[in-house]
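Below, all heavy atoms of this structure are taken into account, side chains as well, without hydrogens, waters or symmetry copies. Position 1 is the first residue of the sequence; numbering continues from there.
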Amino acid sequence: MSDPNAPDTAQLMEQILYEVKRVVVGQDRFLERVMVAMLAQGHLLVEGVPGLAKTLTVKTLADVVQGRFKRIQFTPDLVPADLVGTRMYNQKTGEFSTSLGPVFANLLLADEINRAPAKVQSALLEVMQERQVTIAGESHKVPSPFLVMATQNPIETEGTYPLPEAQVDRFMMKVVVDYPTDEEEFVIVQRVTGPAVQVQAVATTDQLAALQAQCRAVYVDPSLVQYAVKLVSATRTPEKHGLKDMARFLTYGASPRATIGLVEGARALALLRGRPYALPEDMTDLVPDVLRHRLVLSYEGLSEGLSPEALVDRIMAAVKQPPKPLQHAPQA
């Protein structure tokens, strides 16, 4: 039986966003993507220069929903046990006990993920997909809800490692965070140099889990699913969609995870916008974020200075949007 005094979905999400925005200035698009990832139970890869409130956003969100927040600073000397945990020997009892690592949190921030070698990054593979870790043959479930947000710095490339393709594919979206406007930066300086803002906890992790379940119930028209399939298919076989000249610029296209991410993301964005059904614009808004990190450009594409975003724009121009579902003539 639901609590009659509990706030409705739209009101609850409005309260969550309001509290976060009391601390975080601007970054509306980034914050919206974090909420979409959280509702759709996906993970987020964030690229941006230092100092753009990436860590602050996730930490504030964790405080607002009363979730456990952990931050791991990735460095070249990190080992997998530093993430997932390990078996410890107790000399007094002569027994082994399991010490769980920082991945056991609701919101996990993997800071500068490309600073650690592949074996450390691959330690996240199981926990991102299966929501569990295996230590000495024993599986341990991470708390629910669970969101990994990884950041990477686009400036310094010395001492960084490319992310394995299998891991990149497990991120639902890659968001590029830009500098604030002059007006936003003025407010940022005022807030940081002024009295500290205390955020209120307005939701619980149980309420967040209920929102996730509600997100899965958002209606997606079959024509919209077909649109997602066509968009992703166009990254693999562009010639089938009237993009003959584009095939030479792509080595690999997106996997079926991209199609699933588009549909789940459209559901979450529709719920954030207060609708029980998804519209084409909910999906088109997310296409660049879902596809940009999944396209592997060929040498020819790189030599011509093309970016994944430019290719995504071409695909979106070539693949026709479906008509809006549930759009009826207004009643007389």
For the side chain of [X] and the backbone of [Y], is there at least one donor-acceptor N/O pair under 3.5 Å apart?
X	Y	result
R314	A310	no
R273	R275	no
R236	Y252	no
D285	D282	no
T235	G253	no
Q207	T204	yes
T237	E239	no

Quick one: [atom1] on [X] to [atom2] on [Y], what's the gap to the nearest 0.5 Å?
X	Y	atom1	atom2	result
L271	Q212	CG	CD	11.0 Å
F249	E300	CZ	CD	5.5 Å
Q73	R71	CD	CZ	4.5 Å
H241	S233	NE2	OG	3.0 Å
M316	M283	CE	CE	10.5 Å
Y219	L224	OH	CG	9.5 Å

Is there a side-chain contact between [X] and [Y], using heavy atoms and a 4.5 Å cut-off?
X	Y	value
S255	D169	yes
L124	R170	no
Y227	D221	no
M35	V20	no
D82	I72	no
R68	L107	no
L291	P308	no
R257	Q129	yes

Enclosure of [X] [atom1] (heavy-atom neighbours >12, cutoff 6.0 Å):
X	atom1	result
K230	NZ	no
E14	CD	no
R216	CZ	no

With hydrophobic residues grouped by side-chain heavy-atom distances under 4.5 Å, do [X] and [Y] end up in a single group?
X	Y	result
V312	L302	yes
V287	V225	yes
L78	L100	yes
F69	V34	yes
V168	I113	yes

salt_bridge(E19, R22) N-O dist < 4.0 Å: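 Yes, charged N to carboxylate O under 4.0 Å.
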
Charged N-O contact under 4.0 Å between E95 and R87: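 So E95 does not pair with R87 through a salt bridge.
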
Residues T205, N106; criterion side-chain hydrogen bond (donor to acceptor under 3.5 Å, both in side chains); working and verdict: CA-CA 8 Å; T205 50; N106 297 113; 5.4 Å; no

Side-chain donor-acceptor pairs of residues 139-152 under 3.5 Å, sequence neighbours excluded:
| unit_1 | atom_1 | unit_2 | atom_2 | d |
| --- | --- | --- | --- | --- |
| T151 | OG1 | D111 | OD1 | 2.6 |
| T151 | OG1 | E112 | N | 2.9 |
| Q152 | NE2 | E47 | OE1 | 3.1 |

Sort out for me which residue in Q167, M173, K174 forms a side-chain contact (heavy atoms from CB on, under 4.5 Å) with F171.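 Testing F171 for a side-chain contact (heavy atoms from CB on, under 4.5 Å) against Q167, M173, K174 leaves exactly one candidate, Q167.
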
Using side-chain contact (heavy atoms from CB on, under 4.5 Å) as the criterion, point out the one residue from L12, L31, V202 that pairs with L17.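 Only one option passes, and that is L31.
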
Tell me which donor-acceptor pairs under 3.5 Å the side chains of residues 176-190 have, and how far apart each pair is, sequence neighbours excluded?
| unit_1 | atom_1 | unit_2 | atom_2 | d |
| --- | --- | --- | --- | --- |
| T181 | OG1 | E184 | N | 3.2 |
| E184 | OE1 | T181 | N | 3.1 |

Can you give the donor-acceptor pairs under 3.5 Å from side chains of residues 57-67 to other protein atoms, not counting sequence neighbours?
| unit_1 | atom_1 | unit_2 | atom_2 | d |
| --- | --- | --- | --- | --- |
| T57 | OG1 | A53 | O | 2.6 |
| T60 | OG1 | L56 | O | 2.6 |
| Q66 | NE2 | A203 | O | 3.0 |

Could you give me the CA-CA distance, side-chain angles and deciding distance for R29 and E32, then say whether salt bridge (Lys or Arg N to Asp or Glu O under 4.0 Å) is met? CA-CA 5 Å; R29 191 173 165 279; E32 186 181 62; over 6 Å; no

How far apart are the C-alpha atoms of R292 and D289, what are their side-chain angles, what is the distance that settles it, and do they pass the salt bridge (Lys or Arg N to Asp or Glu O under 4.0 Å) test? CA-CA 6 Å; R292 65 161 55 95; D289 297 319; 2.7 Å; yes

